[in-house]
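Worksheet: the structure to be examined is printed underneath.
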Amino acid sequence: MKSLYREPERREELAWGALEFHDVFRIYRSGPAETVALRGLELRIEPREFVAVFGPSGSGKSTMLRLAAGLEQPSAGEVRALGVSLGRLDDSGLSDYRAGRLALVLQSGNLWPELTARENVELAVRLAGRKGDAGAALAAFGLEHAAGRRAGILSGGEQQRVAIAAAAAREAPLVLADEPTAELDEENEALVLDALRSLRDDHGSTVVTVTHSPRVAEAVDRVIEIRDGRVA
Ligand SMILES: Nc1ncnc2c1ncn2[C@@H]1O[C@H](COP(=O)(O)OP(=O)(O)OP(=O)(O)O)[C@@H](O)[C@H]1O
Ligand SMILES: [Mg+2]
């Protein structure tokens, strides 16, 4: 299936944001204790935006990403991704969304360590039901030398770029990253940022990255600051 974002020809395809939160609450309960992780979050990210989500520890950034990824449901309110209200999807719809439309990049552990970089990208492409060229994607991110090596022995920065190359090969229209550079030095952080930007520039993806790094915040189109479960 072709991404709507490649050729937004019809007006209604432009009528929705790539990611929208409407008055979203997420409350965690354990016994009598209650944590309000999101309290009335309102957010709209446009197609092809490159956005950083910034904010203090515990402000709800990762919770926001888990809801956007359909891994958790909101306690109240609506989350829309790529024009679809995630609450309306059944299990198979959610799996299709996660496997076919979304790429998640976490701080680490994004790859199958026993597979080579190339096999990682090929498997991600196959699971997404696509036909992307793994070798070309790795080359585009300067990873030719890594293609035949086991992912588990690559450097942290290389592993993150392999995960991003997989998102590119899958043509994931929405890329969500949670502190993707937290374990990297400045040089590797810059390479990963370039890779994320090229997902937007060369593949038309919408890229949302949670970060504590001021360098990441400087590199994006827009910074959204979250405090106490809502946009500051
Ligand atoms: N599964 C859970 N059960 C109970 N409380 C949770 C759960 N997940 C998150 N929380 C709480 O919700 C709040 C928001 O957590 P979240 O992980 O979204 O913060 P964050 O902004 O990503 O923080 P950090 O910058 O440290 O990663 C915190 O108070 C956290 O303790
Ligand atoms: Mg977090």
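Note that ligands are numbered from 1 as they come in the structure, with each ligand's atoms numbered from 1 the same way. Model, not experiment: these values are computed from the prediction.
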So the atoms of ligand 1 within less than 4.0 Å of a heavy atom of S59 turn out to be 19 (O), 21 (O)
What lies under 2.8 Å from the Mg ion (ligand 2), restricted to protein N/O/S atoms, is S62 OG
Tightest non-hydrogen contact, residues F141 and A168, listed as CE1-CB, 3.6 Å
For atom 17 (O) of ligand 1, grab the closest protein heavy atom and report residue, atom and distance to one decimal in Å.
-> S62 CB, 3.7 Å
Side chains of Q159 and N110: donor-acceptor distance under 3.5 Å anywhere?
-> no
In this structure, atom 21 (O) of ligand 1 is nearest to the protein heavy atom K61 NZ, 2.8 Å
Does E46 pair with R48 as a salt bridge, N-O distance under 4.0 Å?
-> no
Do you see a protein non-hydrogen atom under 4.0 Å from atom 30 (C) of ligand 1?
-> no
Shortest non-hydrogen contact from P56 to R227?
-> CG-NH1, 3.8 Å
min-distance protein heavy atom vs atom 14 (C) of ligand 1 -> G58 O, 3.4 Å
Identity of the nearest option to atom 8 (N) of ligand 1, non-hydrogen atoms only, from R66, R227, R26 = R66
Tell me which donor-acceptor pairs under 3.5 Å the side chains of residues 68-80 have, and how far apart each pair is, sequence neighbours excluded?
| unit_1 | atom_1 | unit_2 | atom_2 | d |
| --- | --- | --- | --- | --- |
| E72 | OE1 | R26 | NE | 2.9 |
| E72 | OE1 | R26 | NH2 | 3.3 |
| E72 | OE1 | Y28 | OH | 2.8 |
| E72 | OE2 | Y28 | OH | 3.4 |
| E72 | OE2 | R66 | NE | 2.6 |
| S75 | OG | I27 | N | 2.8 |
| E78 | OE2 | R80 | NH1 | 3.2 |
| E78 | OE2 | S85 | OG | 2.9 |
| R80 | NH2 | G83 | O | 3.0 |

More than 12 heavy atoms of other residues, nucleotides or ligands under 6.0 Å from CD of E34: is that the case?
-> yes
Going by the 4.0 angstrom heavy-atom rule, the piece of P56 near ligand 1 is backbone
By number and element, which atoms of ligand 1 are closer than 4.0 Å to a non-hydrogen atom of A37?
-> 12 (O), 13 (C), 14 (C)
Go through the steps for E114 and R150 under the test salt bridge (charged side-chain N to carboxylate O under 4.0 Å, His left out), then give the verdict.
-> CA-CA 6 Å; E114 297 304 324; R150 274 199 309 114; 3.5 Å; yes
Do other residues, nucleotides or ligands put more than 12 heavy atoms under 6.0 Å from the CG atom of D91?
-> no
Location of contacts on T63 toward ligand 1, heavy atoms closer than 4.0 Å = both
Answer yes or no for G60: is there a heavy-atom contact with ligand 1 below 4.0 Å?
-> yes
If you have a sec, work out which protein heavy atom is nearest atom 26 (O) of ligand 1 and how many Å separate them, to one decimal?
-> S57 OG, 2.5 Å
Sub-4.5 Å side-chain heavy-atom contact between L19 and L176 | yes
Side chains of L154 and L143 in contact at under 4.5 Å (non-hydrogen atoms) | no
Is any side-chain heavy atom of R44 closer than 4.5 Å to a side-chain heavy atom of E49?
-> no
When you measure from atom 9 (C) of ligand 1 to every protein heavy atom, which one gives the shortest distance, and what is it?
-> Y28 CE1, 3.5 Å
Give the minimum heavy-atom separation between S205 and V175, together with the two atoms involved.
-> CB-CG2, 4.0 Å
Heteroatom proximity flag, T35 to ligand 1, N/O under 3.5 Å = no
Protein heavy atom under 4.0 Å of atom 12 (O) of ligand 1 | yes
Under a 4.0 Å heavy-atom limit, does E179 contact ligand 1 with its side chain, its backbone, both, or neither?
-> side chain
Are the side chain of K61 and the backbone of G55 linked by a donor-acceptor contact shorter than 3.5 Å?
-> yes
